[in-house]
Amino acid sequence: MLDAKYVRENLDAVRAAMADRGEEWDFATFVHLDGERRDLIGEVESRQARRNEASKQIGALMKDGKRDEAEALKEEVRLINEQIAAEDAHLAQVEAELEHLLLTIPNMPHESVPVGADETDNVEVRRRGTPPAFDFEPIAHWDLGPALGVIDFERGVKLAKSRFVVLGNDGARLNRALVNFMLDEHAKRGYTEWALPALANEETLTGTGQLPKFEDDLFKTSEGLYLIPTAEVQLTNLHRGEVLEADALPLRYCAYTPCFREEAGSAGRDTRGMIRVHQFDKVELVKITTPETSFDELEGMVGDAEHILDALGLAYRTVVLCTGDMGFSAAKTYDIEVWLPSYGDYKEISSCSDCTDFQARRAAIKYRGGGFKGSRLAHTLNGSGLAVGRTLVAVLENYQRADGSVLIPEALRPYMGGQEVIEPRG
RNA sequence: GGAGAGUUGGCCGAGUCGGUCGAAGGCGCUCGCCUGCUAAGCGAGUAAGGGGUUAUAAAGCCCCUUCGAGGGUUCGAAUCCCUCACUCUCCGCCA
């Protein structure tokens with residue numbers, strides 16, 4: 001959420017930013033509601049001030065036994081209250097509309113973000129590793145997985161519905177190895193690990209920006225709770241409504257959770273395999289920091305995510321998303337894309353964003369003690385480190401061999417009981 | 001799921017026959033004084049959000065709201081009434 005005052009005082013800049021994002025937003029209604037709100041507040045408050053004054057006088061008069069004078073004042077206050085009630089109702093309606101409007105405007109892109117319309121305008125910042133050169137025709141994971149007995153698409157559909165998958169045998173074990181490997185590596189780099197609820201309430205999802213605008217992307221329970229689409233939601237909201245101490249920052253958190261996405265609107269995209277599914281595992285990184293260090297922390301977070309790919313020996317490239325491709329809450333986002341032979345291209349495996357104070361304002365995450373009076377909004381960052389399902393896919397596809405087996409990257413072997421190869425079933 | 005107790009400022013904790021309570025006291029924190037260093041001591045300040053004022057710097061000043069949330073009674077509610085949420089204790093159930 002952007003600050004109403006900021007929008008009011010920087011209308012042109014915000015308009016330009018929304019144009020860069022390719023976003024429509026109702027500026028005219030905002031200006032109207034914002035002005036109306038302030039007018040109403042002025043009126044209501046001056047009446048309240050008069051009422052408070054009169055009430056004090058009544059108290060004093062009653063003490064002095066001047067009943068008649070007190071009664072006259074009581075009558076005046078009754079009238080004032082009627083006026084206040086009417087104006088208050090109007091004000092509440094205006095504020096609700098304004099609030100809703102503000103909750104639907106995306107974050108301002110950082111000045112370093114390239115302006116562009118869509119993913120073709122993203123800018124590559126680095127490329128590491130070399131895609132494997134196969135002396136045989138590599139098999140896509142949607143064929144390789146079932147052949148190895150490690151991925152079962154049909155049974156995922158049977159148990160739940162389409163776009164759910166089952167991992168079995170060495171696949172289940174590899175998945176667990178990846179989770180543990182990632183968490184251990186991030187712990188070494190200063191991230192504190194958390195275990196979190198897989199469900200979250202409306203306030204939590206509003207805090208990080210999924211609600212109210214993107215409810216269609218979420219699974220919702222009959223009790224009004226939502227299945228989390230990412231651990232970012234929980235890690236960031238851990239400190240919702242809190243005032244943190246400046247010297248405790250930055251907070252660096254990580255967590256493994258399952259993630260649930262309705263994937264509404266993506267029918268027909270990545271339909272084969274387990275690239276886009278309703279439930280997947282992810283290790284998430286979140287930082288809460290100060291405005292001064294936030295963009296440095298973003299660079300560090302990207303490095304932490306890339307480290308996992310380096311350690312697994314997977315080829316990848318890192319891109320800065322342009323204004324038109326960035327997510328709702330982000331001021332700047334780096335995507336890390338891993339090489340997938342089945343796509344013959346790099347495919348997103350991590351997305352690291354600096355949300356500046358956008359989520360902090362929604363979630364009231366503040367800090368104090370930074371050499372200023374009172375408290376200020378913190379900055380929040382989040383990044384995948386990494387999407388486990390896609391990492392598993394990348395390992396299978398990139399480490400496959402001519403005989404149909406898959407070599408296990410050395411870094412993972414300690415997590416697989418020393419196992420070095422996944423052999424075809426049978 | 002049933003019964004009872006509770007929910008006050010960064011933290012702890014006073015505060016019910018309704019007004020002088022945004023709220024005693026303590027801790028913590030900030031500034032100043034004192035002090036060979038440290039410790040202790042002394043003085044002042046220290047909730048949040050919003051509106052206005054000012055030069056759309058900072059500070060200040062004025063006003064409004066907020067004592068879990070929402071509603072009610074009243075000229076006036078932290079204090080009385082109702083509903084809900086959460087926490088704790090006991091019982092039940094259970095991995």
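Naming: A, B, ... by sequence-line order, numbering from 1 per chain.
- Separating the CZ atom of A:Arg78 from the C1' atom of B:U74 is a distance of 9 Å, rounded to the nearest angstrom.
- At least one side-chain nitrogen or oxygen of A:Arg37 sits closer than 4.0 Å to the OP1 or OP2 atom of B:G51.
- Between A:Asn201 and A:Tyr226, the side chains place no donor N or O within less than 3.5 Å of an acceptor N or O (distance only, hydrogens not considered).
- Rounding to whole angstrom units, CZ of residue A:Arg8 and C1' of B:G52 are separated by 11 Å.
- To the nearest 0.5 Å, the span separating OG on A:Ser329 from CD on A:Glu232 amounts to 6.5 Å.
- No side-chain donor from either of A:Asn122 and A:Asp335 sits under 3.5 Å from a side-chain acceptor of the other.
- A cation-pi contact links A:Arg15 to A:Phe27, judged by a cut-off of 6.0 Å to the six-membered ring centre and 45° from its axis.
- Here A:Ile58 lies in heavy-atom contact (under 4.0 Å) with a base.
- Here B:C64 is the nucleotide among B:C75, B:G51, B:C64 with the atom lying nearest to any side-chain atom of A:Asn52.
- Atom P of B:A23 sits at a distance of 14 Å from the matching atom of B:G9, rounded to the whole Å.
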Original post:
Using Watson-Crick and G-U wobble pairs whose two distances are both under 3.5 Å, how do you write the pairing of RNA chain B as dot-bracket, with | for links to another strand?
Top reply: ((((((((.[[[..)...(.....]]]((((((.......))))))(((((((......))))))).[[[[[..)....]]]]])))))))....
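- A gap of 12 Å separates the C1' atoms of B:G2 and B:C93, to the nearest Å.
- Between the side chain of A:Glu45 and the base of B:G50, at least one donor-acceptor pair of N or O atoms lies under 3.5 Å.
- Taking atom P on both nucleotides, B:G19 is separated from B:A77 by 11 Å, rounded to a whole Å.
- One P atom belongs to B:G13, the other to B:G70, and the distance between them is 25 Å to the nearest Å.
- Nucleic acid contact for A:Ala49: sugar-phosphate only, since backbone atoms but no base atoms lie under 4.0 Å from a heavy atom of the residue.
- Atom-to-atom, CD of A:Gln48 to C1' of B:C62 comes out at 15 Å; the value is rounded to the nearest Å.
- Rounded to whole angstrom, the span from the CD atom of A:Glu43 across to the P atom of B:U65 amounts to 16 Å.
- Within the nucleic acid shown, A:Asn81 comes within 4.0 Å of sugar-phosphate atoms alone, with no base atom in reach, counting heavy atoms only.
- Following rounding to the nearest Å, A:Met62 (CE) and B:G18 (C1') show an atom-to-atom distance of 12 Å.
- One atom, CD of A:Glu95, and another, P of B:G49, lie 16 Å apart when rounded to the nearest Å.
- Taking the P atom of each, B:G15 and B:G72 are spaced 29 Å apart, rounded to whole Å.
- Between B:A24 and B:A44, the distance separating the two P atoms is 15 Å to the nearest Å.
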Subject >> A:Lys56/A:Glu53 under salt bridge (charged side-chain N to carboxylate O under 4.0 Å, His left out): CA gap, chis, key distance, verdict >> reply: CA-CA 5 Å; A:Lys56 275 184 189 166; A:Glu53 192 188 356; over 6 Å; no
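- For the pair A:Ile41 CD1 and B:G52 P, the computed distance is 8 Å after rounding to whole Å.
- Following rounding to the nearest Å, A:Glu242 (CD) and B:A47 (P) show an atom-to-atom distance of 20 Å.
- B:C31 and B:G50 have their P atoms separated by 26 Å, with the value rounded to a whole Å.
- A:Ser351 is listed as a side-chain neighbour of A:Thr333, based on a closest heavy-atom distance under 4.5 Å.
- Nucleotides B:U73 and B:U83 have their C1' atoms positioned 15 Å apart, rounded to a whole Å.
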**OP:** Any chance you could lay out the salt bridge (charged side-chain N to carboxylate O under 4.0 Å, His left out) test for A:Asp217 and A:Arg261, step after step, and finish with the verdict?
**Re:** CA-CA 6 Å; A:Asp217 296 338; A:Arg261 299 193 182 174; over 6 Å; no
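- Remark on RNA chain B: of its neighbouring residues A:Gly59 and A:Ala54, the 5'-side contact belongs to A:Gly59, judged by nearest-heavy-atom nucleotide.
- Each of A:Val44 and A:Asp3 has a nearest nucleotide on RNA chain B; the 5'-most of these lies closest to A:Asp3.
- The side chain of A:Arg38 places an N or O atom within less than 4.0 Å of a non-bridging phosphate oxygen (OP1 or OP2) of B:G52.
- Contact check, A:Arg50 against B:G76: no side-chain N or O comes under 4.0 Å of OP1 or OP2.
- Within the 4.0 Å cut-off from OP1 or OP2 of B:G49, at least one side-chain nitrogen or oxygen of A:Lys366 is found.
- In this structure, A:Phe280 has its ring center no closer than 6.0 Å to that of A:Phe260.
- If you look at A:His278 and A:Phe219, their ring centroids are closer than 6.0 Å.
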